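Following: one structure in C-alpha cells, then a few remarks.
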Number of protein chains: 4
Amino acid sequence: MPQQNRSRQNEKVRIAILDAAFSLVREVGYDKLTIEGIAKRAGAGKQTLYRWWSSKALILLEALVEHVKDELVFADTGNIRDDLLAQMLRVEKLLTSKDTGCLFIGLLVEAQFNQDVANAMNVQIYQPTYRAATERLAIAQRHGELQPGLDPVMMVELLYAPIYYRLIVPCTKLTAADIPKFLDMILAGIRL
Amino acid sequence: MPQQNRSRQNEKVRIAILDAAFSLVREVGYDKLTIEGIAKRAGAGKQTLYRWWSSKALILLEALVEHVKDELVFADTGNIRDDLLAQMLRVEKLLTSKDTGCLFIGLLVEAQFNQDVANAMNVQIYQPTYRAATERLAIAQRHGELQPGLDPVMMVELLYAPIYYRLIVPCTKLTAADIPKFLDMILAGIRL
Amino acid sequence: MPQQNRSRQNEKVRIAILDAAFSLVREVGYDKLTIEGIAKRAGAGKQTLYRWWSSKALILLEALVEHVKDELVFADTGNIRDDLLAQMLRVEKLLTSKDTGCLFIGLLVEAQFNQDVANAMNVQIYQPTYRAATERLAIAQRHGELQPGLDPVMMVELLYAPIYYRLIVPCTKLTAADIPKFLDMILAGIRL
Amino acid sequence: MPQQNRSRQNEKVRIAILDAAFSLVREVGYDKLTIEGIAKRAGAGKQTLYRWWSSKALILLEALVEHVKDELVFADTGNIRDDLLAQMLRVEKLLTSKDTGCLFIGLLVEAQFNQDVANAMNVQIYQPTYRAATERLAIAQRHGELQPGLDPVMMVELLYAPIYYRLIVPCTKLTAADIPKFLDMILAGIRL
DNA sequence: GTTTAAACGAGACGGTACGTCTCGTCTTCCC
DNA sequence: GGGAAGACGAGACGTACCGTCTCGTTTAAAC
C-alpha cells in the first residue's frame, strides 16, 4: 500500500480518485470499469493513478476498505449463536449491498488472477476478520458452547462458506432469510 | 447454445476450436486468453468463432462440459457419508486439476458479469448436479440417515460451500485432506 | 472474356447477374459494390460469379458493353466539326449519365491497378473507338479539313482529353456546354 | 488538414508516418496500401494515424504535397511556349515518376469516391496550380501571344488534359516526347 | 518572498485485442 | 451433377484501453 510514501501529496486528489472509482464501479460494473474512466471522473491524469496504484483493483480495494473497516469486529454477547448470526448477517449485507457488492465480487475475481490483489485482500480484509472470528470461537469452545476438538479456522470458513457460495455460484441468490437456516444446520449438523 | 443449429457445419472445426481453447487457457490463464489466440491456434478465422459463440466464456464452457459431463453422477452405495465424500472429492479434483481448475474459476468469474454465461452454466452444470445430489439426499432422508426436516437444496449448497469458499477466497487453499473434515463437521454439527 | 466458354450455361443467370450489377452500382456506388451484394440481388451463389468472372470490374464491364456497344460509331456527315462535336457529346453523355457515369469511372479506376481490366477495356471499348475515330479523322485530312501532318491517334486523344480531364480532376465539372468551346479551341488553336 | 492543431505533437512521428506511407505505396501500390501497413512500417500505433488523418488518402496527400510543393510554380521567361512546355514537362515528370506517379493516380481515384479527398486535393494542389497558370496565361494574352477572347481556366485545362488522358486511359502511355507535340497542336490548332 | 522540486492535468505515444466486414475458396445439400 | 446457400481461413477495418512518456502548471516546503 502506498499511503505511507505519499505524505506530501494532495490528499484531495486521493479522495477524488477513490470516490470516482467507488461511484463508477456501481454505475458501469467492475469489468467495464477502466483506469481512464476513473481518471476522467476524478479530473485526474492517468499518470497520477499509476503513480500510486498498480491496478484498478488496488484502487477499489482501498476505496472498499475505507467504507468497511468498521464492519470487521466480532462482538461478544456471551451467546455464540447470536454473535455468529450477527456477523454472518453483517457480511451478507456487505456482499449484497448496492454499494459494495459488485465491487467486492470484482475484487474476489481479480484476486483469482492477480497475486498482489490476493495478498492485499488477505492483509486488509481476511487476516483481521479471521483473527476476530477465531478468537470469538475459541472463547466459545472454552465456554463449552462448541465442540472443543475442531479447528477454529475451519469453523470460520465453514460459517462463511454458504454466504460466498450463494454469492459466487450463478443463478443462486444470497438472502438474509437463509442465513440463520445455514447457521443452524452447521451448529446442529444435518445427520439424524 | 448453438449446437443444434449447426448440423451442417464441419464438426472438425468445432472440435479444433474447443481443443485450442482448452489447451490455451491452461497455458496463458483465463484472463489472458483471447479470441484471436484461440482462432490462431485452431487455425480458424475469428469470424468462425463469433458465428457460433458470443463470448470466449461460452467456448470454454462448451469445452469444459465435454470434459466433465460424466462427473456429475451421484453414486448410491447405501452409505450417505461415503457417497457425499466421493462426490465432494470428485468436485474438488475437478476444481483444482491443472486442466479444468482455472478454466472453471474463469467461468465463475465471467458469470458474475455476464448473465448469458450464468444461465448457460446453470443449465449445463448446476441443474444436473443439483438434481443428482438432491435425489440422493432425499433417499438418505427417507432411509433415516439425514434429518428429515431439512431442505435438500440447502444441504447440497452447504456441502459444496466449503469447496467453493476455499477455491474463491484469496490465500486459502483447497486440499483433498480437508474435505472429509468439512464433511464431518457438517454431518455432526459444530455445537457441543 | 468468358462468354465463349459458357455456351451451355444458363443465359438467364448471366443476365440476372449483369442486371443486378448494373442496378446495384447505381445505388451504392462503385467502391461500395461487392460481389456478395451482386450475388444476393441476382439470387445467385457467389461461386457462380467467381466461376465466370475474375473480378467485379469485369462483370461491370460486360454489363456496360451491353449498354453502350452502339455508341461507339462515328458518323460521317461530311462536316468534320459536326461529326466531332456529335461524338464528343455522345461520350460526355455516356460519362455523366446516371446509369453509366459512375460505373465508367469505376472501371477506369480499377484499370489503374488491374491489368486484366485495363486490357479488357482496351479491347472492348478503346480499340473500336480509336479505330472509328482515326478513320474519320484520316478522311477529314484527305478532304483538306484537318492538317495533314498530324497523327490521327494523337488528334483523337486530344479531342477526348478535356472530357476525361473534367471527369477525373476533383472539383471540376463536365458539362455539355463546354464541349464545343473545347472543340473550337482545339480546332483553331489558342495562339494568336 | 490537421497540421495547425498539432504544434505540440512530435514532428518526428508525423515525418515517420509520411515517409512510411510514401515508400510503401511505391512498393505495394495504392490499393494494396493499408493503414496497418503504414503504422507498422512507421513504428507507430494505428491510433496515431487515425488521430491526425481521417483516411489513408489524406496521409498520402500530405506526403505528396511535401514532395511537390515546389513544383507548382510557373516561370515567366517571356516566351509562352517555353513556359508552358516547361510546366507540362514538370507535371508529366511528376505523374510518371516512380515515386509520385501511382501515388497521384491513387489520390485521383480516391477523390472520385471521397469528397473530403477531392476538396483537399483541390485546395492543396489544384487551386495553387490554376492560380499560377491562369496568371501566366493572362499575361501572355495581354502580350498578344495568345488569343485574347479565351478563358484562361479552360486553356489551362486544355493544356493539362492530354497529360491526364494518357495517365488515366488504359493502355495509353504518357511520355515526355509527346508533350511538345500536344502543346503545338493546342497552340496552332488541328484544322487546316 | 522567492526558489525549487514534486506532483499534477492533459493527452500523445506504441501496442494489443476487440468485434465487424468483405474477400475469394470450399463444402454441403437440393433440385 | 450443377447451382443456391453459406461456412470457412484470412486479414484489414476503426475503436477502446492499456501502461509509458513527455509536456507545461500548480503548489507547498525550504530557503
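The model shown is predicted, which means the values in this text are computed figures rather than measured ones. A note on names: the letters A, B, ... follow the listed sequences, proteins ahead of strands, and every chain is numbered from 1.
Going from atom CG of D:Leu33 over to atom P of F:dG11 covers 17 Å, rounded to whole Å. Summarising the geometry, the separation between NZ on D:Lys32 and P on F:dC13 is reported as 13 Å, rounded to the nearest angstrom. Following rounding to the nearest Å, A:Leu49 (CG) and F:dC18 (P) show an atom-to-atom distance of 10 Å. Rounded to whole Å, atom C1' of F:dA12 lies 14 Å from atom CD1 of D:Ile59. Counting to the nearest Å, the P atom of F:dA10 and the CD1 atom of B:Ile17 are 12 Å from each other. The separation between A:Arg14 atom CZ and E:dA7 atom P is 16 Å, rounded to whole Å. Between the CD atom of B:Gln47 and the P atom of E:dT25 there is a distance of 19 Å, rounded to whole Å. Atom-to-atom, CG of D:Asp31 to P of E:dT22 comes out at 18 Å; the value is rounded to the nearest Å.
In this model, the phosphate group of E:dA7 is not approached by any side-chain N or O of A:Arg51 to a distance below 4.0 Å at OP1 or OP2. An OP1 or OP2 oxygen of E:dC8 is reached within less than 4.0 angstrom by a side-chain nitrogen or oxygen of A:Trp52. Note on A:Thr48: every side-chain N or O is 4.0 Å or more away from OP1 and OP2 of E:dA7.
For the pair A:Lys56 and D:Ser54, both in contact range of DNA chain F, the more 5′-proximal nearest nucleotide belongs to D:Ser54. In terms of position along DNA chain E, the nucleotide closest to A:Ala42 lies nearer the 5' end than the nucleotide closest to the other residue of the pair D:Ala42 and A:Ala42.
The base of F:dG6 does not come close enough to the side chain of C:Lys46 for any donor and acceptor atom to sit less than 3.5 Å apart.
Nearest nucleotide to the A:Glu36 side chain, out of E:dC26, F:dG14, F:dC18: F:dC18. Among E:dT22, E:dG9, E:dG24, the nucleotide with an atom closest to any side-chain atom of C:Tyr50 is E:dG24. When each of E:dA17, E:dG11, E:dT20 is scored by its nearest atom to the side-chain atoms of B:Thr34, the top-ranked nucleotide is E:dA17. Closest contact between the side chain of B:Ile35 and the listed nucleotides E:dC13, E:dC18, F:dG14 involves E:dC18.
Residue contacts for C:Gly43: at a heavy-atom cut-off of 4.0 Å it reaches the sugar-phosphate backbone alone, with no base atom in range.
Smallest separation of non-hydrogen atoms from D:Val25 and D:Leu33: N-CD1, 4.0 Å.
Taking C:Asp99 as the reference, C:Arg26 meet the salt bridge (Lys or Arg N to Asp or Glu O under 4.0 Å) condition, with sequence neighbours excluded.
For the pair D:Lys56 (side chain) and D:Tyr30 (backbone), a donor-acceptor distance under 3.5 Å is present.
The closest side-chain heavy-atom distance from D:Leu60 to D:Leu107 is below 4.5 Å. A:Asp116 places none of its side-chain heavy atoms less than 4.5 Å from the side chain of A:Ser55.
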